[in-house]
Amino acid sequence: MRTLNRSIIFAALLVAALSATALAKKTINQINADPSRYRDKTISIVGTVTDSYGVLGNGAYEIDDGTGRMWVVADRTVPARGSRVETKGHVMTGFILRGHNMGTVLRESGRKAKDR
């Protein structure tokens with residue numbers, strides 16, 4: 001019985017550790033170095049908005065975390081330039097916007113403002 005309890009506790013801790021790793025914050029440099037590793041996985045990045053475009057509640061913004069820059073596609077209003085945000089979403093590769101390859105982008109599923 002004790003072995004069963006230990007096994008259950010170990011399994012629960014292992015699942016918790018793996019879940020935390022999957023949602024861990026990544027640097028843009030890590031993502032750009034191997035985008036296929038993060039494709040269709042939920043990741044989180046923190047940085048400063050360097051550029052943003054929005055129309056009718058949709059848009060895109062570029063975020064810089066100090067290691068690189070990445071475009072984020074949003075289904076809601078975008079943050080203003082200079083804002084510091086944490087955004088999470090799914091990595092997509094080969095995104096094309098108006099005939100221009102935007103490379104690797106993050107499809108936003110959530111965002112929150114961060115203090116400087």
Side-chain angles (χ1 to χ4, degrees):
M1 187 62 140
R2 261 187 129 170
T3 305
L4 180 62
N5 287 341
R6 285 185 184 170
S7 297
I8 291 171
I9 290 170
F10 177 75
L13 291 173
L14 182 62
V15 168
L18 291 175
S19 296
T21 303
L23 292 175
K25 292 181 183 77
K26 301 295 179 190
T27 65
I28 292 172
N29 188 42
Q30 287 174 311
I31 298 164
N32 285 332
D34 189 6
S36 62
R37 178 179 180 185
Y38 302 102
R39 186 171 182 215
D40 296 327
K41 294 182 182 175
T42 301
I43 57 102
S44 176
I45 55 177
V46 177
T48 303
V49 177
T50 57
D51 207 356
S52 64
Y53 301 94
V55 72
L56 299 174
N58 294 301
Y61 59 97
E62 187 178 46
I63 188 168
D64 184 340
D65 71 350
T67 69
R69 292 180 176 197
M70 178 178 285
W71 282 94
V72 179
V73 178
D75 289 335
R76 60 184 179 148
T77 58
V78 295
R81 290 181 190 148
S83 300
R84 184 150 175 85
V85 297
E86 176 179 356
T87 186
K88 69 178 180 176
H90 292 85
V91 174
M92 296 171 29
T93 55
F95 184 78
I96 297 173
L97 179 65
R98 298 184 132 195
H100 299 287
N101 185 355
M102 302 301 281
T104 304
V105 300
L106 185 72
R107 179 81 171 158
E108 182 184 79
S109 62
R111 172 188 344 134
K112 61 183 173 180
K114 297 296 277 185
D115 294 330
R116 291 198 175 258

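For reference, positions follow the sequence shown, starting with 1.
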Enquirer: Using a 6.0 Å cut-off, check whether atom CZ of Arg81 has over 12 heavy atoms from anything other than its own residue.
Expert: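 Yes.
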Enquirer: So among Val78, Asp75, Thr77, which one has a side-chain contact (heavy atoms from CB on, under 4.5 Å) with Asn58?
Expert: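 Filter result, single survivor: Asp75.
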Enquirer: Would you mind reporting whether Met70 and Thr104 have side-chain heavy atoms less than 4.5 Å apart?
Expert: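 Yes, at least one pair of side-chain atoms sits under 4.5 Å.
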Enquirer: Starting at CD1 of Ile63, measure out to OG of Ser52 and round the result to the nearest 0.5 Å.
Expert: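 Atom-to-atom, Ile63:CD1 and Ser52:OG are 11.5 Å apart.
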Enquirer: Roughly how far, to the nearest 0.5 Å, is CZ of Arg76 from CD of Glu108?
Expert: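 Rounded to the nearest 0.5 Å, the CD-CZ separation comes out at 5.0 Å.
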Enquirer: Regarding Thr67 and Asp65, is there a side-chain donor-to-acceptor distance under 3.5 Å anywhere?
Expert: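 There is such a pair between these side chains.
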Enquirer: I need the minimum non-hydrogen distance between Ile28 and Gly68, along with the two atoms involved.
Expert: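 Smallest heavy-atom distance, with atoms named: CD1-O, 3.5 Å.
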Enquirer: Which atom pair, heavy atoms only, marks the closest approach of Ile43 to Tyr38?
Expert: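 Heavy atoms of Ile43 and Tyr38 come nearest at CG2-CD2, 4.0 Å.
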Enquirer: With the side chain counted from C-beta on, respond yes when Val91 and Lys41 share a heavy-atom pair under 4.5 Å apart, and no when they do not.
Expert: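 No, side chains not in contact.
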Enquirer: Would Glu86 and Lys25 count as a side-chain contact (heavy atoms from CB on, under 4.5 Å) here? Give the steps.
Expert: CA-CA 9 Å; Glu86 176 179 356; Lys25 292 181 183 77; 3.2 Å; yes
Enquirer: Any side-chain heavy atom of Lys114 sitting closer than 4.5 Å to one from Val85?
Expert: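 When only atoms from C-beta onward are counted, Val85 and Lys114 do not touch, as no gap falls below 4.5 Å.
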Enquirer: To the nearest 0.5 Å, how far apart are CZ in Arg39 and CE in Met92?
Expert: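 Going from CZ on Arg39 over to CE on Met92, the span is 9.0 Å.
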Enquirer: Taking it one step at a time, do Ile45 and Thr87 satisfy side-chain contact (heavy atoms from CB on, under 4.5 Å)?
Expert: CA-CA 6 Å; Ile45 55 177; Thr87 186; 3.6 Å; yes
Enquirer: Considering non-hydrogen atoms only, spot the tightest contact between Arg69 and Asn32 and give its length.
Expert: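 Closest heavy-atom pair between Arg69 and Asn32: O-ND2, 3.7 Å.
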